[in-house]
Protein chains: 2
Amino acid sequence: MKDVAEAAGVALKTVSRVVNGETTVAPETLGRVQAAIDRLGYRRNEGARQLRQGRSQAIGLVVRDIADPFFAAIGKAVETRAEEDDLVVMIGSSHDDPARERDVALGFTARRPNALILAPIAKRQDYLLPDISDGLAVCAVDRPAQGIACDAVLSDNAVGIRLAVEHLLKQGHRRIGYLGDDPAVFTARERVTAFRAVMAEHGVPVDEHEVRLGSPSPEFVTSVMRTMLDESDPVTALITGNNRITLEVLKRHPSLPAALVAFDDLELAELLRPGLTVVAQDPEAIGRTAMSLLSDRLAEPLREPREIRVPVRLIPRGSGETLLR
Amino acid sequence: MKDVAEAAGVALKTVSRVVNGETTVAPETLGRVQAAIDRLGYRRNEGARQLRQGRSQAIGLVVRDIADPFFAAIGKAVETRAEEDDLVVMIGSSHDDPARERDVALGFTARRPNALILAPIAKRQDYLLPDISDGLAVCAVDRPAQGIACDAVLSDNAVGIRLAVEHLLKQGHRRIGYLGDDPAVFTARERVTAFRAVMAEHGVPVDEHEVRLGSPSPEFVTSVMRTMLDESDPVTALITGNNRITLEVLKRHPSLPAALVAFDDLELAELLRPGLTVVAQDPEAIGRTAMSLLSDRLAEPLREPREIRVPVRLIPRGSGETLLR
DNA sequence: CGCCGAGAAGATAACGTTGTCACCCGTGAC
DNA sequence: GTCACGGGTGACAACGTTATCTTCTCGGCG
C-alpha cells in the first residue's frame, strides 16, 4: 500500500480509501491510484486488515467428516453463501472425537472468524464461551450444542420417522423393526423416540427385540439382522436410522426379505434394485439456513437463540413398497 | 498478551516466549505465565502473528466442487495432513468456472497461506505469479496447471485406461465403445488418447463412431448410447471416462446389454447388480501426495517442479466380466 | 578480585492496515 | 469581507504479534 501510494503520488490513506471503495475520493485521484494498483499488482493483506478490524472475514465449519456426502453438501451450501459476502470458509473434521472437535474449533477461533458452524460431538461446547462473549457468532448443525446459547439447525427427525412409519403402516406392515445408531448420538435418540411415539399413536405394539441401537459396525448389524429376520415371527419391514447402518444392511442382505425405508439418502439409491426408499434430509438447506441465522446474529448479537427444523421428505423407490409376505 | 504479562508480572516478550515454547524461560517464570494464560483464557491472535511472520499457517484448497466425493476425499486427506502441522484449511469450489477459480484462489492468497492446492479449470493460472514469487507454494491436482511452474499430482490415467481395455480384451471383447468427457478437459484428453493407444497396441481397430466425447448431459449420453448399442453391429463393451457419464449411462440403462468398465469409483458400486467394475482413482493418495510435495517445496522453494502420477486400480465387480453375446 | 560468558528477561521497532482527527481550499450566505 | 461548510486529502496512532538488540545477574575462572 505504501508503494502504491508513492507510485500514485498520494498518501497511504488515500490508497486505503480507494481499496475500500470509499466515495470521498476525487475521480481523477481514483484513476491514478487504480492505475498504480494494477501496475504493481497490489492486493490488500487480509491479515493486517483483520488485525485492525478484529474479524477476519472468514467462517469456520467443523463437521464430523468432510468426506461424508451429508456434510460435504452442507459445506457446499455454506461456501456458496460465504462467497457472496467475500467470506472465506475454513473447514475441519472432528472425526467423532470430542477432543479433536475442540482443537479444530479453537484453531479456527484463533483466526477470529466472524462465525463458526459446527456439528457438535463433544458433551459440551463451553470452550467457546470466551470467543462468543468476544463477538463470535455460533450455529450448531445436525445436533444442538450444549453449554452455550447458540442457534441450531436440525433435520426434522421426528417428522422423518413419522413419514417412514406411516408409509409402512399404510401398506399393512405391523411388525416393523428399527435399527438405529448408538443412543449416545443425539439424532439417534430423537429418531428412535419418534419411532416409538408414532407406533404407539397408531396403536401398533413394538416388540423390544425389534428396536435395536448400536454403533454401525458390521458385527452389530449382522447379529441384529439375524435376530430380526430369522426368528419364528420375523419383521416384515425395517427402518434403518442412518446411512452407515443402511449400507451395512444392504451389504449383508442385497435382497432383503423385508420392506426397507432408510433414513438418509444415498447417492445411487435410485440405481439399486429395488430402488432404495429413503427419508431424505436436505443438507444444502441446513447449510443455507445456518448461514442465514448467522448473518442475522451478526447484525443483532443479542437476539434469542433459535432452533430451526429443516423439512425432510420421503422418496419411495421400491424397497419400502413391497414384500408383505 | 499484554494482560497476561501484567498478570504474571513479566514483560510482553516473555509471554510470547512461553506461547511459542521457547526454551530460554526459567521454569518458575514459565509456571507463572502459564497460570496467567489459563486464568485469563488467553489465546494467541493468529492474524497478528501472520502479519508479523508473513504467512498465516493456512493452506488453500480450490477444487471443482467440494460436494463431489472425489474432491471431498482429497479435502479430507489434505485436512488430515494439515492438522498435523497446525495448519488451517481454507476450501473453495470453482464450479468449473475459470473466473471463479481465479477469484477464489486470489481470495485465498490475500490471506497469505503457506500453500495453495488447486484443481485447475482455467486455461492459465498465471494470475498466481505474483504470489508465487512472494513465496507461495502451489500444487496442482487432478490436472496440471498452465502458465506457472508448480508441482502437480495426477491420476495415472493412461495406466487406468490400459487396465480397463486389457481387462475387456482378455475376455474376448473386440468392439469396445468409449464414452468420455468434453475434450476441453485435460483428463478426458489423456484418457481417450490412452484408449486409442492401447487398442492400437493390441491391434484392435477402433471405429470412430464408437469413441465419443462430450459434456455428460443426459441428451448427449442418450443419443450416443443409442448409436453405440442399436446399430447393426453394436459394441459388446463400453468404457465410461468419468463418473458423471457413468451415472447417466446407468440411469438410462440399468441393465446394459454390454460389458461396462467405469473410470472412477462410485460409493455404492458394489451394491449394484451387476456390481460396477471400475478403475478406481485414489483421491486420498492424491491429497496426501500434494501435501508432501508442498512441504518439500516450502523447505526448498527453488527445487524443480515435479509431476507425480498416483496409481489407479481395476476393481472387477461384475459389470465388466460378462455379456460377450 | 575482576572479567567473561551464558542464561534469563525486557525495550523497542516493525509488520500492513484502518479509524480519528486535522487540514486545505473553494463556495455560498450574510 | 468574514464565516461556516463540506469535499478531498493527509498525518498519526493503534491493532497483537515477533525479531533484534540490550540489559541484568549470576557463576566460574584466571
Side-chain angles (χ1 to χ4, degrees), chain A residues 1-34 36-37 40-58 86 88 106-107 109-114 130-131 134-136, chain B residues 1-34 36-37 40-58 86 88 106-107 109-114 130-131 134-136:
Chain A
M1 198 173 253
K2 200 177 76 180
D3 295 345
V4 172
E6 204 162 311
V10 298
L12 201 61
K13 179 70 221 199
T14 301
V15 180
S16 169
R17 278 192 254 262
V18 171
V19 167
N20 290 300
E22 293 176 32
T23 52
T24 65
V25 178
E28 196 262 341
T29 319
L30 193 146
R32 276 211 325 279
V33 173
Q34 269 301 354
I37 286 176
L40 298 180
Y42 165 81
R43 272 169 320 113
R44 173 167 65 195
N45 182 320
E46 292 293 332
R49 181 169 205 230
Q50 180 255 92
L51 177 58
R52 198 50 245 253
Q53 300 203 318
R55 296 259 152 245
S56 64
Q57 308 307 316
D86 275 310
V88 151
L106 291 180
T109 61
R111 266 89 179 174
R112 308 285 187 252
N114 301 26
D131 287 294
D134 199 48
L136 178 72
Chain B
M1 197 173 256
K2 201 176 75 180
D3 295 344
V4 172
E6 204 161 311
V10 297
L12 200 62
K13 178 69 221 201
T14 300
V15 180
S16 170
R17 277 191 256 263
V18 170
V19 168
N20 290 301
E22 292 176 33
T23 53
T24 66
V25 179
E28 195 262 342
T29 318
L30 194 146
R32 276 211 326 278
V33 174
Q34 269 301 354
I37 287 176
L40 299 179
Y42 165 81
R43 271 170 320 113
R44 172 167 67 197
N45 182 319
E46 291 293 331
R49 182 172 205 228
Q50 181 255 92
L51 177 59
R52 200 46 250 249
Q53 299 204 317
R55 296 259 153 247
S56 63
Q57 307 308 316
D86 277 309
V88 151
L106 291 180
T109 61
R111 265 89 177 174
R112 309 286 187 250
N114 300 28
D131 287 293
D134 199 47
L136 179 73

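A, B, ... follow the sequence lines: proteins, then strands. Residue 1 opens every chain. Source: prediction; values computed, not measured. Quick note: numbers below take in every heavy atom, side chains included, and nothing from hydrogens, waters or symmetry partners.
- At the phosphate of C/dA9, neither OP1 nor OP2 sits under 4.0 Å from any side-chain N or O atom of B/T14.
- Rounded to an integer number of Å, the gap from B/L51 CG to D/dA19 C1' is 13 Å.
- At the heavy-atom level, A/T24 lies under 4.0 Å from base atoms of the strands shown.
- Rounded to an integer number of Å, the gap from B/E28 CD to C/dG7 P is 19 Å.
- Nucleotide D/dG10 holds its P atom 16 Å from the NZ atom of A/K2, rounded to whole Å.
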Restricting to nitrogen or oxygen on both sides, can you table the protein-nucleotides 18-21 of chain C pairs closer than 3.5 Å?
from   : atom 1 : to    : atom 2 : distance (Å)
C/dT18 : OP1    : A/N20 : OD1    : 3.3
C/dT18 : OP1    : A/N20 : ND2    : 3.3
C/dT18 : OP1    : A/R44 : NH1    : 3.4
C/dT18 : OP1    : A/R49 : NE     : 3.1
C/dT18 : OP2    : A/S16 : OG     : 2.8
C/dT18 : OP2    : A/N20 : ND2    : 3.1
C/dT18 : O2     : A/R52 : NH1    : 2.3
C/dG19 : OP1    : A/Q53 : NE2    : 3.4
C/dG19 : N7     : A/K13 : NZ     : 2.7

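- Rounded to a whole Å, the CD atom of A/Q50 is 12 Å from the C1' atom of C/dG16.
- Taking side-chain N and O atoms only, A/T29 has no distance below 4.0 Å to OP1 or OP2 of D/dG8.
- By the 4.0 Å N-to-carboxylate-O rule, B/E28 lies close enough to B/R32 to be salt-bridged with it.
- B/N45 has its CG atom 17 Å from the P atom of C/dG16, to the nearest Å.
- Position along DNA chain D of the nearest nucleotide to A/L30 versus B/Y42 favours A/L30 as the more 5'-ward residue.
- If you check every strand for non-hydrogen atoms under 4.0 Å, A/A11 touches sugar and phosphate atoms only.
- Distance, A/R112 CZ to D/dG16 C1': 9 Å, rounded to whole Å.
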